Amino acid sequence: MHGEHDQRELMVAAEMARQDQYFFSRWMFLQRRGFHWRRAMHHRQVADALMRVYRGECTRLIINEPPRYSKTQQAVVDFIAWCMGHAPDAEFIHTSYSATLAANNSAQIRELVQHEAYREIFPGVQLDSEGRAHWTTTKGGVMYATGAAGTITGFGAGKMRDGFGGAIIIDDPHKADEARSDVVRQGVIDWFQNTLESRKNDPERTPIILIMQRLHEKDLAGWLLEGGNGEQWEHLCLDVWQPGADGGRVPLWPEKHSAEELERMERAMPYTFAGQYRQRPAPPDGLIFKPDMIEIVDALPAGPIQWARGWDFADSLKGDFTAGGKLGKLPDGRLVIGDQVRERFVADKRDQLIRNTASRDGRLCRQSLPQDPGQAGKGQVRAMTTMLAGYPVHSSPESGDKVTRAETFASQVNVGNVVMLRGPWNQPLLDEMRTFPNGAFDDQVDSLSRAYDTLTTGAGLTTTAMVPGL
């Protein structure tokens, strides 16, 4: 009798695993690991979203989820294995920032479908090849894994039919420590547009699923959610902090991270925590900068002021801004942001902007220009210095990354040592500070960082109690 009871339980479990992808994940975890999955509410939410994809109710899905919260296990390994059970001829393409990681996930799926407990649930799935990154089933199903920027020649995902036939599944396309690089980040987006999207066998019905932690305002998820490829995406956004019943906040997965542990992490690494754990590329009260500490004044404080305007030149190929931030040092040691210019211009109009701004600033405000490396950079600075004849000009190469250059000025902002003259340019500057360095633009911050560096070096600076143009 005991054996018959156990057999009935196994049959019921197998049927439940066939019907529900979340039960399948938990059941197979128990069978393979020998202990129970520590489940949380977000696991159910992820499974429900994936089931909508399988049923054809959603063809474009973005899941933003903290690292190590089961996203790859659920949305890549278990989901593909479960779908293969229902559609053994399904064709999948799986990508990640690393080809090795993608191949490892593919190998885990292959091992899962060969497990005895899996065959009890889906007896119709048989492998036809044994590769790690690329394998097939006897029914014509395909699993192909590659890294972002990898070649996918000869492979497609999905079927030209009603009903599920496979998907493109992207898991963490950006490497965390490379997400600050505009070039690397844009390379992933270009690869998605130019290579990966064209791999849909059915342009309308083949689903695309993107699972990732947020790393930058303009990462692949951010670009897609802003309409980058012209499609509407269903969005499941999982913040590690969830609203509590008392109006406070509670952990998304208390068994993983307690409230005390999350608070410690948030204090220790606000940059990482904001994007990867909260799915917000910058925390609400600022990341490097705390712009709410800046007092906005209607008139300049009394006394002589040392002035410098730092410039950040646009990269015309990216559509960036040329920005010039004017910063002054007050007699009491405080700093004042006196003006900010910011325009998208080609080179000739950019030079006119710089010349006209220097004229308004007057001959007592130092103009600080960045010097690009190499002979071309030296030539550009030489030409600009000639153009600004009669005005004090300082030039120097940039040293360190943007964050390193901004930190010393940010420290002055964050202790309330900076005031700002009221003007229409205030809010765009404050918004940029709030999201720096993860925001879409950083040109205004860069210009003020340069101005601050020029002020603190002090070479050739002059003072005035009245500044033209303010």
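FYI, side chains are in, hydrogens and waters are out, and symmetry mates aren't considered; it's all heavy atoms of this structure. Since the model is a prediction, treat every value here as computed from it, not as a measurement.
Each of Trp241, Tyr69, Tyr277 was compared with Trp253 under the ring-ring contact (aromatic ring centres under 6.0 Å, His included) criterion, and only Tyr69 meets it.
Relative orientation of the Tyr54 and His86 rings is tilted, given thresholds of 30° and 60° on the angle between their planes. Between Phe79 and Phe164, the two ring planes are perpendicular [angle over 60°; tilted spans 30° to 60°].
In this structure, a donor-acceptor pair under 3.5 Å is present between the side chains of His43 and Ser70. Side chains of Thr322 and Trp311: a donor-acceptor N/O pair is absent below 3.5 angstrom, by distance only. Judged purely by distance below 3.5 Å, without hydrogens or angles, the side chains of Ser25 and Asp78 pair a donor atom with an acceptor atom. In this model, no donor atom of one side chain and acceptor atom of the other lie less than 3.5 Å apart for Asn201 and Thr206. Side-chain contact annotation: Arg366 with Thr454, donor-acceptor N/O pair under 3.5 Å absent. No side-chain donor-acceptor contact under 3.5 Å links Asn104 and Gln108. Asp361 and Gln367 form a side-chain donor-acceptor contact under 3.5 Å, judged by distance and modelled atom types alone. Using modelled atom types, one finds a donor on one side chain and an acceptor on the other under 3.5 Å when comparing Glu15 with Gln19.
When side chains are defined from C-beta on, Arg26 does not count as touching Phe29, because their heavy atoms never get closer than 4.5 Å.
By the 6.0 Å contact criterion, CE on Met387 is enclosed, its count of non-hydrogen atoms from other residues, nucleotides or ligands being greater than 12. Around the CD atom of Glu255, the shell of radius 6.0 Å holds more than 12 heavy atoms that belong to other residues, nucleotides or ligands.
One finds the CZ atom of Arg278 at 10.0 Å from the SG atom of Cys237 (value rounded to the nearest 0.5 Å).
A cation-pi arrangement, defined by a distance under 6.0 Å to the six-membered ring centre and an angle within 45 degrees of its axis, is absent between Arg434 and Phe289. Note that Arg44 lies outside the cation-pi zone of Tyr22, set by a 6.0 Å cut-off to the ring centre and a 45° limit from the axis.
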For this session: Decide side chain to side chain donor-acceptor pair (under 3.5 Å) for Arg342 and Ser447; before the verdict, give the C-alpha distance in whole Å, the side-chain angles of both, and the deciding distance to 0.1 Å.
Result: CA-CA 10 Å; Arg342 183 178 187 239; Ser447 70; over 6 Å; no

